Amino acid sequence: MPFARTTDRTGTVFSWLCGGALAVNLVLAIGLVGLIGWHGLGYFWQASVASFELRDGSALIGEIHTVEEVPEDSAQWAGEQRMRVKIGNRDLYRLDFRWVNESEIASIEYPDDLVVLERLEWGNFYGRMRELRRDGEVIASGPQVWTRFGEVYEEKAAEREAVEALERGPIGDVNYAIEGLRLQRRRLEMAGDSTAGRLADVDQRMAAATARYEALAEELFAMREELKDTTVVMEAANGQTREIVVGEVVRSLRPNAMGTLASLRLYGSRLWEFVSDAPRESNTEGGLFPAIFGTVMMVFLMSFAVAPFGVLAALYLREYATEGPMVRAVRIGVNNLAGVPSIVFGVFGLGFFVYSIGGTIDQLFYAEALPTPTFGTGGILWASLTLSLLTVPVVIVAAEEGLAAVPRIVREGSLALGATKFETIWRVVLPAAAPGILTGMILAMARAAGEVAPLMIVGMVKLAPTLPLDHHFPYVHLERKFMHLGFHVYDVGFQSPNVEAAQPLVFATALLLVGVVIAMNLVAIVVRNRVRRAYSTSVL
Amino acid sequence: MVAGSDTETEAAARLVSNARFADRRTWSDRIAGGVVRAGGIGIIASILAIVLFIFVEVWPLMVGAVVEPGPSLAVESAPLALAGDAYRTHVASLDADGWIRVRRLADGVETTAREIAGGGAPVAASADSDGRSLAALTGEGAVAAASLQWEIGFEGRTRVVTPKISEPSVFSVDDVALGAPIAVRDSRDGDARVVAAATDAGEIVVFRRQREVNEFTGEESASVAQSTVAAPADLSLLAIDDEQRSLVGVSAGGLLHRWSALDPAAAPVETVDVDEEITALAFLLGGRSIVVGTDDGGLEVWFETPQESGERRLTRIRRFPPHQAPIELIVPSRRDKGFVAVDRAGVAGIYHSTSERVLWRGSLEQPVTALAMTPKADAIVAGGPRGIEVLAVDNPHPDVSVWSLFAPVWYEGYAEPEYVWQSSSGTDDFEPKYSLTPLLVGTLKGTFYSLLIAIPLGVLGAMYVSQFMHPRLRNVIKPTVEIMAALPSVVLGFLAGLWLAPRVESAFPALLLMFAAYPVVIVATGLLWLQIPLRIRGQLPGGSEAIVFAVALAAAGAACIALNGPFEALAFGGNFQAWLRDFAGVQYDQRNAIIVGLAMGFAVIPIIFAISEDAFSNVPRNLVSGSLALGATRWQTVSRVVLPTASPGIFSAIMVGFGRAVGETMIVLMATGNTPIQDWNPFNGFRTLSANIAVEIPEAPQFSTLYRVLFLAALLLFVLTFLLNTAAEIVRQRLRERYARL
């Protein structure tokens, strides 16, 4: 009895240690998702803006980001608290953040009249509004500036939209047409002299397009000038003033004067900007729409490639091939491809798709654009195909499992009723296996959405000027480079010039990516469980 | 009757149509079967063709040079020196009558010629090994050197090369006759020419001619500086390096002398004994390595290496497989650290210094009197009494060999053979260093630290979930861990590199404290758990402790972080990094192997967890029940029955986890400094094979050596992970069979 008890006691302790290991996993998983969620969602929240008075007489305006203990290696301030303040005004101070030690601070206040201007360039401006000027003349000053600014801002925002619409619309079209004509001309030149008449025609159209471009450019210039006519004079913390063009202000707020509802509205509007706008300031501000679009489009292109091929291969392996050592070896091989590092597929995609196939396509069909490659460089098509190679084993394995799970009796019933083998597969087996195949597809898409390494080689870029889908014929431009959420995380987090200021944005991007991937996985898990239950409870 | 016949025809028609329908169905079935078969086999074959494609891209690295006979020119006498142009259109030769003749290779027509050694046959000749100039020692004891210019123009779309021979510059010393050997070297821009010649008085005269062009008038002027250095009387060979920095000479008894050409001193800077009589001499590209050929057919590479004393000394670096006859001539490649050597029997070879490769050997079928390589190193020009032959050389990847990729290589300027990865540099004459060993070591290092974390957490966690946890709870926990597997590695890398790394750097002792505190906290929490009356405990599903542990561990983690300061003060004198530097002599990098271990461990845990959970929960119930029925406790059953039975499954889980860690790219790319250094120190960064591919391949031109070496790295990764996964899969299948039998 005492012997039994001792062993049991050590046994319990060991089982606790195993439980502890599991607990660590849980803490890590939940903590990590929580961390990303906390920072990612916090990105859109507007903190109050503090006005500091320092002991040396200077002043500061900014948002308090973190408060921590001063690291021990600075002997002077050891043991004290310090805060990291986002002071913005990059055009004045060059840096977005600075550290303030507690003992330096004389007072902190949160006055209502502090204004935050989100600008197209130079990041945020923190300060007070002093004057509003139009064509150099003061049109408002003192307390009315804020209300008057609101009106002017609306007007200018509409004007800015018009400028952007002109740039994106007619000017973009003309540029596209000019580039097309240039290539056409080059093609004719390469074909030889016999086409001289057509050459003249192209030249004529080119001249017309260029003239139209010039007219539009003039219009654009005038509109831009008009956009610049109204300025707001802002006073920074230490009394420096700065004249800011109202047309370059994205958003203006007085965070300390905002109620809860206004704060929430602002939160919503920032969230919307994040998912619907184009990036600004080398991706560190503005939205992520092109990256979201690029990711989604790439994943869908990949699905188009991977679904039929994966299912076809699974059908062959499960229904047509004669079971034997050969098929078993192939199955292990395919299964193991899922474990081959993604970068290997990237290397293959570069060598095979981009250089071999893309290079050949360029020489055959796009010779006029050479040496600028069209398909012979990374693009969304090659990225999707590379990813489909990467994920096809996942789909094959899942589809095979789905096919194997369809009970024998169902097939035999169908065959006994006189259906041919293909009819049985097409009408009976595939519909029954569809949820399993779907699970595989969702898992493949989730994997593709989160994969970055191979895409860095075959087609992603930091900033793509155009989407791979637009209103220019043939509408889908498979050769174009694209932006991707995962690459955005890598690029902004590690390659951007202002990593510190961009980090909150990266958290938001990471949250979006993690959210999409986890949602897809959850759907796959639910579908899988449903399928399992359906088969375990069915009478078949 | 009529009606009857009607139904009969109808039935017949129906039969026919049924038969047609059946026929069509059979056919469509066959076609569909064929399509599926062809498609399935095609898809599987093309997936497997990936590895074939990668192999095909790598293969040219292993192939030597291909040399094809090209055009040949008939000559009246054997040429003394030769040079070719970059487009293999012309060959210039310095002939025995003192004339330089340039002939077109296409038709053998002499396009231009000039006499440089006035007054008869030259006594000796020399070619700048870059083919920019030819020099002759005249019978009167003067050296005449003329530059060759290859002017390139276009006629329509065809390139036309127009050769020009400049007015020779003559170097002589009053009262002293210059003698053999001589050497000439032009600078890259062609403005500075250094000529060295021996005298009977046991000296070498070094001339440095500087050409200056007046920017306003376009007038050219030249100044010649002259200096003299002491030399052995029996000097037989001389050579000047590309940078015109040093001069080497050879004297009887196999002595190799080196002087500084910049600052000619009275005596050689250094003399070394090569042991055999030296019969040929050349500087390799970059002017650091010297190749000597000896009269027993040996070929050796020498360069200066730093000594412990701080000075640099000429050292024998490597020997090549010898020729059968004394080496006659050596010319360097102008593209890489390779060279061509020819022996007295007319056998030539192409060699590369860094990779120690013999890329080609073959007979030129005549005694060779002059040898040159074209500027693009794509042809050998060899001249002898039977004429001048141009051999086309296809030698795309001389600079790597299996040996140089994996074994230590003695690179120029290094004190000893080392493993180095350094693929590019700013200069043209850079010696690329492609050693995959530091990257392999980096890969294994990252994998090691991540498995160190992932194996215990994954396997023990899986054991707990499958053996101690109630199914209801299990159904919640398992998806949670599966979600861990779905987190994109770029997000993990970002968190590790930008969030975790600075925090760990400032609170490393807290991390140590956590590792130490965790078992204590768990046992303490467990004991507290036992204090809860069984009545309440018994109602909770089995395994609920784990949730309590998680809360306790989170709290303990926070406490450890709070205690970082006092603990650091107590154990490490207040500054861990300073302590590490003083006591272990180790520098703490912010992004180090521990960070990667944590992040990549996190990525590998769910894989190990899932596969080992599978292995544990598939252990046949009857084994477990039998053990419990015999009176074993739960833990005894788990440790003595379940664990041994499932151990192959755990092995397979570890293999798959290993494979995942080996190939992970984004985490290591973002969470290490990517420095290709080779050590096992956990506080240093490293670079893995996969991260190396991601970093370097955007800069690698298609089909360059770097491109193919990176493909080789990919092939290695492919083969490694494929083998690991296959081994794991086979083990798992065996295990499944065993379970079925039990």
Side-chain angles (χ1 to χ4, degrees), chain A residues 7-8 11 13-29 71-72 309 312-313 315-317 320 330 332-337 339-341 343-344 347-348 351-352 355 392 420-422 446 450 452-453 456-457 486 489-490 493-494 503 506 510 513-514 517-518 521 525, chain B residues 25 29 32-33 36-37 39-40 43-44 47 50 53-54 57 456-457 460-461 463-465 468 479-481 483-484 486-488 490-491 494 498 506 522-523 526 545-546 549-550 553-554 574 602 605 633 635 656 659 663 665-666 670 690 693-694 697 702 711 714 717-718 721-722 725-726 729:
Chain A
T7 46
D8 195 27
V13 171
F14 277 120
S15 79
W16 286 342
L17 288 180
C18 294
L22 179 68
V24 172
N25 292 344
L26 292 180
V27 169
L28 285 178
E72 270 122 56
F309 290 127
L312 206 59
L315 270 183
Y316 169 72
L317 278 179
Y320 283 90
V330 166
I332 292 181
V334 169
N335 205 353
N336 290 351
L337 270 182
V340 168
I343 188 89
V344 175
V347 166
F348 172 78
F352 184 71
Y355 287 151
V392 83
T420 60
K421 185 172 187 176
F422 181 68
V452 176
M456 283 166 66
I457 305 178
V489 170
Y490 170 68
F494 287 80
Q503 208 170 326
V506 182
L513 185 61
V514 167
V517 171
I518 288 185
N521 273 279
I525 289 172
Chain B
R25 286 173 57 208
D29 187 47
V36 172
R37 277 204 184 86
I43 290 157
I44 291 161
I47 295 173
I50 292 175
F53 178 84
I54 297 179
E57 295 288 288
L457 290 179
L460 295 183
M463 188 151 93
Y464 190 80
V465 167
F468 297 98
T480 316
V481 181
I483 293 293
M484 276 172 82
L487 283 176
V490 67
V491 172
F494 157 70
L498 285 185
S506 63
I522 285 162
V523 172
E545 305 92 295
F549 289 156
L553 287 179
F602 185 91
I605 284 171
T633 63
W635 175 255
V656 176
T665 309
M666 291 316 288
M670 295 162 94
S690 54
I693 296 174
I697 212 164
Q702 192 188 10
F711 266 74
L717 281 176
F718 187 102
T721 49
F722 204 84
N725 284 324
T726 307
E729 186 62 31

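When reading the values below, keep in mind they use all heavy atoms of this one structure, side chains included, and skip hydrogens, waters and symmetry mates. Convention: sequence-line order gives letters A, B, ...; per-chain numbering from 1. These figures come from a predicted structure and were not determined experimentally.
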Contact part of A:Val330 toward chain B, heavy-atom cut-off under 4.5 Å: side chain, backbone, both or neither?
-> side chain

Okay, B:Phe468 and chain A: the region with an atom under 4.5 Å from a heavy atom over there is side chain

Minimum heavy-atom separation for B:Ala546 to A:Leu22, with atom names?
-> CB-CD2, 4.0 Å

When heavy-atom pairs shorter than 4.5 Å are enumerated against chain A, which of B:Leu487, B:Thr480, B:Thr726 gives the highest number?
-> B:Thr726

Heavy-atom nearest pair, B:Leu498 first then A:Gln503, reads O-NE2, 3.7 Å

Find the one option among A:Gly333, A:Gly450, A:Ala313, A:Gly351 whose heavy-atom pairs under 4.5 Å with chain B are most numerous.
-> A:Gly351

Given side-chain contact (heavy atoms from CB on, under 4.5 Å), test A:Val344 with B:Phe722 step by step and report yes or no.
-> CA-CA 12 Å; A:Val344 175; B:Phe722 204 84; over 6 Å; no

Picking from B:Ile522, B:Thr665, B:Leu457, which has the most non-hydrogen pairs under 4.5 angstrom with chain A?
-> B:Leu457

Examine whether an atom of B:Ser690 lies under 4.5 Å from a heavy atom of chain A, and if so say whether it belongs to the side chain, the backbone or both; otherwise answer neither.
-> both

Partner chain B: residue of A:Ile525, A:Asn521, A:Val517, A:Asn25 with the largest heavy-atom pair count (under 4.5 Å) = A:Asn25

So which heavy atom on B:Phe549 is nearest to which on A:Ala23, and how close?
-> CB-CB, 3.6 Å

Please check if atom OH in A:Tyr355 has more than 12 non-hydrogen atoms from other residues, nucleotides or ligands closer than 6.0 Å.
-> yes

Note: vs chain A, highest number of non-hydrogen pairs under 4.5 angstrom among B:Gly39, B:Ser506, B:Gly663, B:Gly526 is B:Gly526

Determine, stepwise, if the pair A:Tyr316 / A:Tyr320 fulfils ring pair (Phe, Tyr, Trp, His ring centres under 6.0 Å).
-> CA-CA 5 Å; A:Tyr316 169 72; A:Tyr320 283 90; 7.5 Å; no

So, for A:Val27 and B:Ala550, which heavy atoms are closest and what is the spacing to 0.1 Å?
-> CG2-O, 3.4 Å

Under 4.5 Å, counting heavy-atom pairs only, tell me which of B:Val523, B:Ile54, B:Leu460 racks up the most with chain A.
-> B:Leu460

So does B:Phe53 have more than 12 non-hydrogen atoms from other groups sitting under 6.0 Å from CZ?
-> yes

Could you tell me which portion of B:Leu717 (side chain, backbone, both or neither) has an atom closer than 4.5 angstrom to a non-hydrogen atom of chain A?
-> both

Who wins among B:Glu57, B:Arg25, B:Met463 for the most heavy-atom pairs under 4.5 Å with chain A?
-> B:Arg25

Where on A:Val13 is there a heavy atom nearer than 4.5 Å to chain B: the side chain, the backbone, both, or neither?
-> side chain

With a 4.5 Å cut-off on heavy-atom pairs, point out which of A:Ile332, A:Ile518, A:Leu513, A:Leu26 contacts chain B the most.
-> A:Ile332

State, to 0.1 Å, how close B:Thr721 and A:Gly339 come at their nearest heavy-atom pair, and which atoms those are.
-> CB-O, 3.9 Å

Which pair of heavy atoms, one from B:Ala714 and one from B:Ile693, lies closest together, and at what distance?
-> N-CD1, 3.7 Å

Give, as side chain, backbone, both or neither, the part of B:Gln702 having an atom under 4.5 angstrom from any heavy atom of chain A.
-> both

Which portion of B:Met670 sits near chain A, non-hydrogen atoms under 4.5 angstrom = both

If you count heavy-atom pairs under 4.5 Å between each of A:Phe348, A:Trp16, A:Phe422 and chain B, which one has the most?
-> A:Trp16

Check whether B:Ile50 gets within reach of chain A through its side chain, its backbone, both or neither, counting any heavy atom under 4.5 Å.
-> both

Spatial distance of atom CG (A:Leu337) from atom CG (B:Asn725) [nearest 0.5 Å] = 9.5 Å

Sort out for me which of A:Leu315, A:Val334, A:Leu17, A:Val392 touches chain B most, counting heavy-atom pairs under 4.5 Å.
-> A:Leu17

Side chain from CB out, backbone as N, CA, C, O: work out which of these in A:Leu312 comes under 4.5 Å of a heavy atom of chain B, or both, or neither.
-> both

Can you tell which part of A:Ala446 gets under 4.5 Å to a heavy atom of chain B, answering side chain, backbone, both or neither?
-> neither

Side chain / backbone / both / neither for B:Phe494 at chain A, heavy atoms under 4.5 Å = both

Knowing that exactly one of A:Val452, A:Val489, A:Ile343 qualifies, which makes a side-chain contact (heavy atoms from CB on, under 4.5 Å) with B:Met666?
-> A:Val452

